[in-house]
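Below, all heavy atoms of this structure are taken into account, side chains as well, without hydrogens, waters or symmetry copies. Whatever order the structure lists them in is the order used to number ligands and atoms, beginning at 1. Predicted model only: the values in this text are computed from it and were never measured.
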Amino acid sequence: MSVNVQKAALRKHLLEKRDATSAELRNISSKKIHLNLRQNTSFTNSQNIACYFPIGSEIDTSDIMLDILQQNKNLLLPKIINDNIEFYVVPNLEKLEKGSFEIMEPKDSCKKAAEINCVLIPTVGVSKAGIRLGYGKGYYDRFLSSTNAVKISLTYSKQIVKSIPSDSHDIKIDWIVTEDENIKIS
Ligand code: ADP
Ligand code: MG
């Protein structure tokens, strides 16, 4: 079986599992992940933080985004431009509008991020070797291949799997933050 076919099967299974999370558990897990993130110096020492506007059963980043803004740090959110993911500085959440895939994106008035210290990444599945499974479009792999930012996967513990088939283009993440712990990838 090719890596792509194996990834597709694992992605389907893990998305079904993630989508089965109740709204209550999602809220509780998201709040715990926020608290764990606040213990992570790669996050707390960063001034320019790339986050994402949550969709579906993804970890809800609302509190994290507000936290970043309240601390007068730069909140960076993504926009898909010519099939690439680009990050823009979002001074407040009113500077967002519906964009690609019905996801809230920075308005045109937002400035492009000049510097990114840390990037919080939505995750379908991840292994403790640092291989991350996304939605299968490779947006984050393309972006992560050209940044020195610390890469932090936000995920439910149940989305961590023993191993994930990987391609040479898959960029390893540095940290996994779950509702239970901060895991540093060695
Ligand atoms: P995901 O990381 O979203 O789970 P994949 O890792 O399977 O998805 O990547 C999906 C596709 O994105 C790949 O088949 C590949 O064509 C493309 N891709 C990913 N990274 C790159 C890259 N650095 N350069 C060119 N194409 C890439
Ligand atoms: Mg990938």
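Close N/O approach between G136 and ligand 1 is found [any backbone or side-chain N/O within under 3.5 Å]. Looking at ligand 1, you'll find an N or O of D170 within less than 3.5 Å of one of its N or O atoms.
With Y140 as the fixed residue, the side chain to side chain contact (heavy atoms under 4.5 Å, CB included) test singles out one of I171, T123, I85: I85.
Contact annotation for Y140 and ligand 1: no heavy atom of the residue comes within less than 4.0 Å of the ligand.
Of all atoms in ligand 1, listed by their number and element, those nearer than 4.0 Å to a heavy atom of K7 are 5 (P), 6 (O), 7 (O).
Heavy atoms from other residues, nucleotides or ligands lying under 6.0 Å from CG of N148 number 12 at most. The neighbour count for K137 NZ, taken as heavy atoms of other residues, nucleotides or ligands under 6.0 Å away, does not exceed 12. Within 6.0 Å of CD in E97 there are more than 12 heavy atoms belonging to other residues, nucleotides or ligands.
At a cut-off of 3.5 Å, with distance as the only test, no side-chain donor of S2 or N4 sits close to an acceptor on the other residue. W175 and S42 share a donor-acceptor pair across their side chains, judged by distance under 3.5 Å alone.
Ranking the protein heavy atoms by distance from atom 12 (O) of ligand 1 puts K137 O, 3.4 Å first. Remark: minimum distance from atom 2 (O) of ligand 1 to any protein heavy atom is reached at D141 OD2, 2.9 Å. Nearest non-hydrogen protein atom to atom 18 (N) of ligand 1 is R142 NH1, 3.7 Å. The protein atom (non-hydrogen) at minimum distance from atom 15 (C) of ligand 1 is H169 CE1, 3.8 Å.
I55 and V90 end up in the same hydrophobic cluster when Ile, Leu, Val, Met, Phe, Trp and Tyr side chains are linked at under 4.5 Å.
Atom 5 (P) of ligand 1 lies below 4.0 Å from at least one non-hydrogen atom of the protein.
Within the protein, the N, O or S atoms lying under 2.8 Å from the Mg ion (ligand 2) are D141 OD2, D170 OD1.
The existence of a salt bridge linking D108 and K95 is excluded, since no basic side-chain nitrogen approaches an acidic carboxylate oxygen closer than 4.0 Å. Between K31 and D63 a salt bridge is recorded (basic side-chain N to carboxylate O distance below 4.0 Å). Looking at D67 and K73, no side-chain N of the basic residue comes within less than 4.0 Å of a carboxylate O on the acidic one, giving no salt bridge.
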